[in-house]
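Proteins get letters first, then strands, A, B, ... in listed order; numbering begins at 1 in each. Keep in mind it's a predicted model, so treat the numbers as computed, not measured.
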Number of protein chains: 2
Amino acid sequence: MPSADRRLHPRRKPRQVRAELTRDRILTAAAHVFAEHGYAAGTTNRIAERARVSIGSLYQYFPNKDAILAELLVRHIDRGTWTQADELDLSPGSLEATARALVRDAIDNHRDDPQLLRIMIEEASFSQEVLDTIERHGEKRVGQVRDLLARHPDVHVRDLDTAAELIVTTVEMNTHMLMAGPRTIPVETFENELVAMVTRYLRGDQ
Amino acid sequence: MPSADRRLHPRRKPRQVRAELTRDRILTAAAHVFAEHGYAAGTTNRIAERARVSIGSLYQYFPNKDAILAELLVRHIDRGTWTQADELDLSPGSLEATARALVRDAIDNHRDDPQLLRIMIEEASFSQEVLDTIERHGEKRVGQVRDLLARHPDVHVRDLDTAAELIVTTVEMNTHMLMAGPRTIPVETFENELVAMVTRYLRGDQ
DNA sequence: CAAAGAGCTGAGCTATTGCTCACAATAGTG
DNA sequence: CACTATTGTGAGCAATAGCTCAGCTCTTTG
């Protein structure tokens, strides 16, 4: 299992529609296989088999296994989450609504394929390039939340940076746990409590 | 990589001191190797090498690779954490102290070897037997917290069970994130904010 | 001290993986 | 249609993993 292969870009760019289709089939299959078997046990041969594509074709578009997961991850990140946060009500008294927006965003983000996201978050040992992408994305989110908190009149916390980091992790991870495990708590209950937690923390009236 | 081997118990029980020593050496080495290379790349040969023990000896005490991580995990779980929670002050006004105890507990639990714990939490694909152990441990903790909340006069939340689950996950995961990544936030600041969050949530004064 | 069993060794087996490459099939172009 | 570029194939290679086993060394015991 070669771990430090830096080449993540396809060795051949698709020029015909057929090729683009094959690429997509591979990615779709990979998503299913990774979600079902995990990253380590999700072999490239299995992916090719599931995509009804020869193993050779797979390696025409992806230089190695890591690149497949990387592409999957980048696609997931780029696919417009976080669109709601810009158009938020920042007037006094709207803190709970703001918190709810954040929580909803996280929940939506996990709905598509919680298993695959689990793999991507937990199992993968990524190359530095991909790790940087994740890191940047995380910082971006924290930054956005920080700005949001800074603008909102109802927010009273000691340190904005810490608060932002804390909130992002809390919302993300709790949602993650809820969707990953056996659904023992109804989603609405969960959402309400999580929103309550974030709201009360941010409001800060002791 | 056989994944569903149910036999987790050693094939030979140590009867001489020498054997017990070897076993411990293997476990210690495994902890280091897993922490350093991750689970997948932490090969049994590497573990044996680091333990200065032949690969054959390793397989006399552990039927397979999974069993090693399993033992490591069980040991970590069994090693008395959570001792503080029983002797807590439950009088009115002590809510923050209670929350702080929970947070401190989590932080202490991560101090020994955060890397190894990271592996154990994230990377391992465990057998059902080990998963059950983890599950039971998690439920136990949530149960303890639930009882704690039920007893404390200052706690005002809608649903105790959800609150308990939420708190355990939040405290655990935030701590986990803090210790795993590059220490960007000082521990005291983190502790204070996390305590504030939990306290305000539990107090529930809207 | 000698027999017996516990403990230990490591070359190497089996299985599997990520991946290559020589070739075949198909699509685009004059 | 002929020719080229693009796309697709899959047997099989090299590497490496987990793990076995025949036989050695060390402890214990009488």
Rounded off to whole Å, could you give me the [atom1]-to-[atom2] distance for the [X] and [N] pair?
{"X": "A:L58", "N": "D:dT7", "atom1": "CG", "atom2": "P", "answer": "15 Å"}
{"X": "B:F34", "N": "D:dG18", "atom1": "CZ", "atom2": "P", "answer": "8 Å"}
{"X": "A:R23", "N": "D:dT7", "atom1": "CZ", "atom2": "P", "answer": "12 Å"}
{"X": "B:R25", "N": "C:dG7", "atom1": "CZ", "atom2": "P", "answer": "14 Å"}
{"X": "B:Q60", "N": "C:dA6", "atom1": "CD", "atom2": "P", "answer": "11 Å"}
{"X": "B:Q16", "N": "D:dT28", "atom1": "CD", "atom2": "P", "answer": "5 Å"}
{"X": "A:E49", "N": "C:dT17", "atom1": "CD", "atom2": "P", "answer": "11 Å"}
{"X": "B:R52", "N": "C:dT9", "atom1": "CZ", "atom2": "C1'", "answer": "15 Å"}

Is there a side-chain polar atom (N or O) of [X] under 4.0 Å from OP1 or OP2 of [N]?
{"X": "B:T22", "N": "C:dC8", "answer": "yes"}
{"X": "B:T44", "N": "D:dG18", "answer": "yes"}
{"X": "B:Y59", "N": "C:dG10", "answer": "no"}
{"X": "B:S54", "N": "C:dG10", "answer": "no"}

When rounded to the nearest 0.5 angstrom, what distance separates CE in B:M197 from CD1 in B:I167? 9.5 Å

Mind checking if B:S57 touches a base, just sugar-phosphate, or nothing, with heavy atoms under 4.0 Å? base

Taking B:S57 for the side chain and B:V53 for the main chain, is one N or O donor matched with an acceptor at less than 3.5 Å? no

Using atom types as modelled and distance alone, determine if a side-chain donor or acceptor of B:R146 lies under 3.5 Å from a backbone N or O of B:D161. no

Taking the side chain of B:R18 as its heavy atoms from C-beta onward, which of D:dC26, D:dG18, C:dG18 lies nearest to it? D:dC26

Against the side chain of A:I55, the closest entry in D:dA17, C:dT20, C:dC8 is C:dT20

Quick one: do the A:T170 and B:N174 side chains pair a donor with an acceptor below 3.5 Å? yes

Contacts of B:V17 and B:N45 projected onto DNA chain C by closest heavy atom; the upstream (5') one is B:V17

Do we get A:K65 above A:Y39's six-membered ring, with its NZ or CZ under 6.0 Å from the centre and within 45° of the axis? yes

